[in-house]
Amino acid sequence: MSNGSTQRIVDGLRAWIAAAPPGAKLPTNRELMAEHGASPVTVQKAMHALNALGLIETRPGVGTFTRAVRAPRAVDFGWQTAALGSPHSRLPKVSSTQRSAAPDAISLHSGYPDRELLPERMVRAALARAAKSEAALTRSPVRGLPELQAWFAAELGGSAGVAPPTARDVMIVSGSQSGLGSVFRSVVGSGRPLLIESPTYWGAILGAEQAGLALVPVPSGPEGPDPEEVDRAFRRTGARAFYAQPTFANPTGVQWSPRRGRELLEVVRAHGAFLIEDDWAHDLAIDADPAPLAAQDDGGHVVYLRSLTKSVSPALRVGAVVARGPVRDRIAADQGAEAMYVSGVLQAAAFDVVTQPGWRHHLRAFRNQVRIRRDLLVDALREHAPDAQLERVPAGGLNLWLRLPDGVDAERLVRDCESRGLLIAPGTEWFPAEPPGPYARVNFAGPAPDRFPEAARLFQAALDEQR
């Protein structure tokens, strides 16, 4: 019999199965041969096809039956609309920086460095050693592995102008985002105001909104926030915390001068408040070195965060919160309740990497390679996308912050770029309130730097669409 005959048997049995109850016994092969005038081979092929479709099951010695479990009907989740109410956050479900890219797309949207810039061999070897250690089978302390706590304390204390923090002041967290959540909840509290730079890291905006904080935007210019503006915001709102990124801010790349840092720290002290210092780019210096304000704090006013995710590996979500005084214990209690503890294997691997002799060599090589990529993208944009204004070349970090022509719809620009095979991030995500103008953020540490000129041309073509 032909394949057409097999298909006719399949079609007939599918109609029979659709009308039969679950678990009904099918006619025997002999009966099917007689009914369809088919050979044993043809009937057997039809049964194989039905089995592959998941419509039947064979019970040896008993017979063939329709499956008892049918495809589930569509479920109506409409009731959840009323139960959930309006979303707690105005941000999109997934940030533009987290979108997956097509294999042939030019990816300038990510918040991470390209894989080839990471210490891959060191990470793989460290993970293998950690997997064979006691950390693979034991629970780590709530505040973290003592040796890793001591390392973070020493890193900050190495530049301290005051009494340095101790290992006891350090809490290991599962990346800075987890640490930010604990700090926002325990230092500020739901319903309370938080001063926050504008623009600033979208994840901090999201974390603060999820914690129920009332965001108070403070404009941040080429030198950082104006101390007088921060002072007025403290007096006007009664806030007791200010979230900021003094070193290579995301997205602008701004680094506060030593004088600006001292002035802002004095404002915080005068109001009896906390400065939540996010040192996300500590290991991402290019033309300037990091100088954490926490190293100048002798009164416990600075709550300091640092992560190894960008410089070691995105797979090792290990960071630290450094705080002194009662606030340390309050943050630790929240972190213990939220996460219980951070994987000991990840902590052991991270500590292994940053204490290897090759770690400092890696950071020097990283700095050189990222400088080359930054300059390549800057030159490409200046030559091929003159309408995208770069207000400053950052001395560190991963990103360029581009001012777009007035009237440009940044969200539409992102869509138009993506249709051309270029992924960028709209600046709207980095503002805790309405943006003062259209912006875009592009990552110069991403893959394929040889395609930066092409990316710039695509960027300008998308801008031209909105003229």
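No hydrogens, no waters, no symmetry mates; every other heavy atom, side chains included, goes into these values.
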Take Phe444 and Ile286, measure what side-chain contact (heavy atoms from CB on, under 4.5 Å) needs, and give me the verdict at the end.
CA-CA 12 Å; Phe444 54 74; Ile286 300 176; 4.0 Å; yes

With a 4.0 Å cut-off, would you call Arg328 and Asp169 a salt bridge?
yes

Does any non-hydrogen side-chain atom of Leu400 lie less than 4.5 Å from one of Pro394?
yes

Does some side-chain heavy atom of Asp231 sit less than 4.5 Å from a side-chain heavy atom of His271?
yes

I want to check something: taking the side chain as every heavy atom from C-beta on, are Leu180 and Tyr243 in contact at a cut-off of under 4.5 Å?
yes

Are Asp283 and Leu308 close enough that some pair of their side-chain heavy atoms sits under 4.5 Å apart?
yes

Looking at Arg415 and Glu418, is there a salt bridge between them, counting it only when a charged N and a carboxylate O are closer than 4.0 Å?
no

CD1 (Ile331) and CG (Leu305) are apart, to the nearest 0.5 Å, by 8.0 Å

Could you check whether Tyr439 and Trp401 have their ring centres less than 6.0 Å apart?
yes

With no hydrogens and no angle check, just 3.5 Å: does a side-chain donor-acceptor pair link Asn250 and Trp430?
yes

I need the minimum non-hydrogen distance between Ala105 and Leu423, along with the two atoms involved.
CB-CD1, 4.0 Å

Are Glu223 and Trp256 side-chain neighbours, meaning at least one heavy-atom pair lies under 4.5 Å?
no

When you check the gap from the basic side-chain N to the acidic O, do Arg457 and Asp464 get nearer than 4.0 Å?
no

Minimum side-chain heavy-atom gap Phe242-Pro225 below 4.5 Å
yes

Can you tell me how far CD1 of Ile205 sits from OG of Ser198, rounded to the nearest 0.5 angstrom?
7.0 Å

Does atom CZ of Arg129 have more than 12 heavy-atom neighbours from other groups under 6.0 Å away?
yes

Test item: Arg260 and Pro227 side chains (from C-beta on) under 4.5 Å apart, heavy atoms:
yes

Check Arg367 with Asp289, please: is the shortest side-chain N to carboxylate O separation under 4.0 Å?
yes

Could you check whether atom CZ of Arg192 has more than 12 heavy atoms from other residues, nucleotides or ligands sitting under 6.0 Å from it?
no

Interatomic spacing from CZ in Arg324 to CG in Asp298 - rounded to 0.5 Å
8.0 Å

Could you check whether Asp416 and Ser419, counting side-chain N and O atoms only, form a donor-acceptor pair closer than 3.5 Å?
no

Do Val370 and Leu284 have side chains that get closer than 4.5 Å, going by heavy atoms?
no

Working to the nearest 0.5 Å, report the span between CZ of Arg451 and CG of Asp104.
7.0 Å

Ignoring hydrogens and angles, state whether a donor on the side chain of Gln347 or Tyr341 is under 3.5 Å from an acceptor on the partner side chain.
no

